[in-house]
Amino acid sequence: NLQTMQVKAVVSTQSTGTAVLLLNMDPPDAFVLLSNLLHQPCQRAFFRMDADMMFVYFDAFNLFFEEALAPLFGYFALINLTPDLYLIGWVFTLFSKSLPLDIASRVWDVFFRDGDSFLFSTALGLLRMYQSKLLEMEFEMILQFLRKLPDDMDAEELFENIKAVGLTARKFQHTMVELVDMNNVERKGRSKTSSISACG
């Protein structure tokens with residue numbers, strides 16, 4: 001259930017994410033930063049449980065995923081492992097629950113500089129880094145692996161994979177604008193169809 005997963009992830013973020021901030025700054029500053037964080041476009045959409053926008057983000061992720069990692073994308077599609085099953089937890093907690101703390105802190109640093117696009121770059125970088133292993137796993141094992149990534153992860157290797165994915169902030173924003181426009185057109189079409197049906 002998507003809504004149940006979202007509620008659980010909210011609780012996770014409030015504890016795990018706040019803990020990361022408190023390790024790096026004083027409580028008042030941590031509170032202000034957390035408040036600002038929740039007003040970032042992607043975070044706002046997820047925390048408001050805006051299903052339309054969440055699925056736009058999922059669609060964008062799938063486009064980048066297929067382009068960057070076609071074999072793994074095809075395998076995930078084959079076993080019906082959709083982005084919401086792992087991306088929600090990663091986005092809500094900004095990877096602080098899945099990554100070793102020191103690496104999560106580095107991800108946060110770049111996220112605060114580059115914005116939402118880096119969340120997607122990090123997700124794709126992780127999938128690229130472990131692609132060969134993931135291709136040998138079954139559905140449940142993959143989910144367990146992605147929810148708690150190896151503690152001995154090499155930070156430099158991860159950031160090399162993130163860079164190799166090649167997802168720029170400009171490309172991310174351009175894709176999001178296109179998908180949002182398409183989503184708005186579809187919503188207007190559904191609304192018009194519903195109105196006509198009601199009149200009939």
Side-chain angles (χ1 to χ4, degrees), residues 9 12-13 16-17 20-21 24 33-34 36-47 53-77 81-135 142-143 145-180:
S12 271
T13 303
T16 312
V20 172
L21 293 177
N24 292 280
L33 186 54
L34 184 62
N36 291 335
L37 176 64
L38 299 182
H39 285 83
Q40 293 294 316
C42 187
Q43 296 288 317
R44 185 171 65 246
F46 278 60
F47 273 91
M53 274 308 301
M54 288 177 70
F55 283 109
V56 168
Y57 278 106
F58 293 148
D59 287 343
F61 181 78
N62 273 330
L63 288 174
F64 303 137
F65 187 7
E66 183 175 17
E67 179 181 335
L69 304 165
L72 188 60
F73 174 83
Y75 180 56
F76 277 21
L81 202 160
T82 52
D84 56 290
L85 296 175
Y86 54 93
L87 198 60
I88 287 177
W90 285 352
V91 168
F92 265 126
T93 65
L94 299 178
F95 300 95
S96 59
K97 193 172 181 180
S98 302
L99 289 175
L101 184 58
D102 59 327
I103 299 179
S105 296
R106 287 185 61 179
V107 168
W108 281 47
D109 285 343
V110 184
F111 165 69
F112 288 135
R113 185 193 70 191
D114 293 354
D116 290 340
S117 64
F118 191 70
L119 296 181
F120 283 58
S121 293
T122 302
L124 293 169
L126 285 166
L127 294 174
R128 186 179 190 276
M129 184 174 178
Y130 293 110
Q131 179 171 213
S132 60
K133 290 184 178 181
L134 293 169
L135 286 168
I142 292 174
L143 286 183
F145 182 85
L146 295 180
R147 286 169 182 166
K148 182 55 182 170
L149 294 155
D151 289 329
D152 62 353
M153 180 187 298
D154 186 309
E156 298 310 317
E157 184 181 356
L158 171 60
F159 277 82
E160 286 173 6
N161 277 280
I162 291 172
K163 183 178 180 180
V165 166
L167 177 58
T168 64
R170 182 177 181 179
K171 181 177 181 178
F172 176 82
Q173 292 299 333
H174 179 73
T175 301
M176 285 299 301
V177 168
E178 285 190 339
L179 289 174
V180 167

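What's counted below: heavy atoms across the whole structure, side chains too, no hydrogens, waters or symmetry copies.
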For the residue pair Y130 and L158, establish whether any side-chain heavy-atom pair is separated by less than 4.5 Å.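 Not touching, per the 4.5 Å side-chain cut-off.
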With the side chain counted from C-beta on, respond yes when I162 and M129 share a heavy-atom pair under 4.5 Å apart, and no when they do not.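 They are not in contact (no side-chain heavy atoms under 4.5 Å apart), so the answer is no.
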Please determine whether side-chain contact (heavy atoms from CB on, under 4.5 Å) holds for the pair Y57 and L87, giving the CA-CA distance in whole Å, both sets of side-chain angles, and the decisive distance to 0.1 Å. CA-CA 10 Å; Y57 278 106; L87 198 60; 5.9 Å; no
Rounded to the nearest 0.5 Å, how far does [atom2] of [Y] lie from [atom1] of [X]?
{"X": "D114", "Y": "F120", "atom1": "CG", "atom2": "CZ", "value": "14.5 Å"}
{"X": "Q131", "Y": "L126", "atom1": "CD", "atom2": "CG", "value": "12.5 Å"}
{"X": "T82", "Y": "F58", "atom1": "OG1", "atom2": "CZ", "value": "8.0 Å"}
{"X": "S117", "Y": "F111", "atom1": "OG", "atom2": "CZ", "value": "9.5 Å"}
{"X": "E67", "Y": "L167", "atom1": "CD", "atom2": "CG", "value": "8.5 Å"}
{"X": "E160", "Y": "D154", "atom1": "CD", "atom2": "CG", "value": "7.5 Å"}

Which pair of non-hydrogen atoms, one from [X] and one from [Y], has the smallest distance, and what is that distance?
{"X": "Y75", "Y": "L134", "value": "CE2-O, 3.5 Å"}
{"X": "G125", "Y": "V165", "value": "N-CG2, 3.8 Å"}
{"X": "L119", "Y": "F95", "value": "O-CZ, 3.5 Å"}
{"X": "L81", "Y": "L85", "value": "CA-CD1, 4.3 Å"}
{"X": "L127", "Y": "L72", "value": "O-CD2, 3.7 Å"}
{"X": "M153", "Y": "I103", "value": "O-CD1, 3.6 Å"}

Looking at E156 and R106, is there a salt bridge between them, counting it only when a charged N and a carboxylate O are closer than 4.0 Å?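 Answer for the salt bridge query: yes.
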Parallel under 30°, tilted from 30 to 60°, perpendicular over 60°: which one fits the rings of F61 and F65?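 Ring orientation of F61 relative to F65: tilted.
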Any donor and acceptor pair, going by atom type alone, linking the side chain of S98 with main-chain N or O of K148 inside 3.5 Å?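 A pair under 3.5 Å: no.
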Side-chain donor or acceptor of W108 paired with backbone N/O of L94 under 3.5 Å: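 Checked: pair present.
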Run the side-chain contact (heavy atoms from CB on, under 4.5 Å) test on I88 and M54 for me, step by step, so that the C-alpha distance in whole Å, both residues' side-chain angles and the decisive distance to 0.1 Å come before the verdict. CA-CA 9 Å; I88 287 177; M54 288 177 70; 4.0 Å; yes
Run F76 and I142 through side-chain contact (heavy atoms from CB on, under 4.5 Å) and show every step you take. CA-CA 10 Å; F76 277 21; I142 292 174; 3.9 Å; yes
For F73 and L63, what are the C-alpha separation, side-chain angles and deciding distance, and is it a side-chain contact (heavy atoms from CB on, under 4.5 Å)? CA-CA 10 Å; F73 174 83; L63 288 174; over 6 Å; no
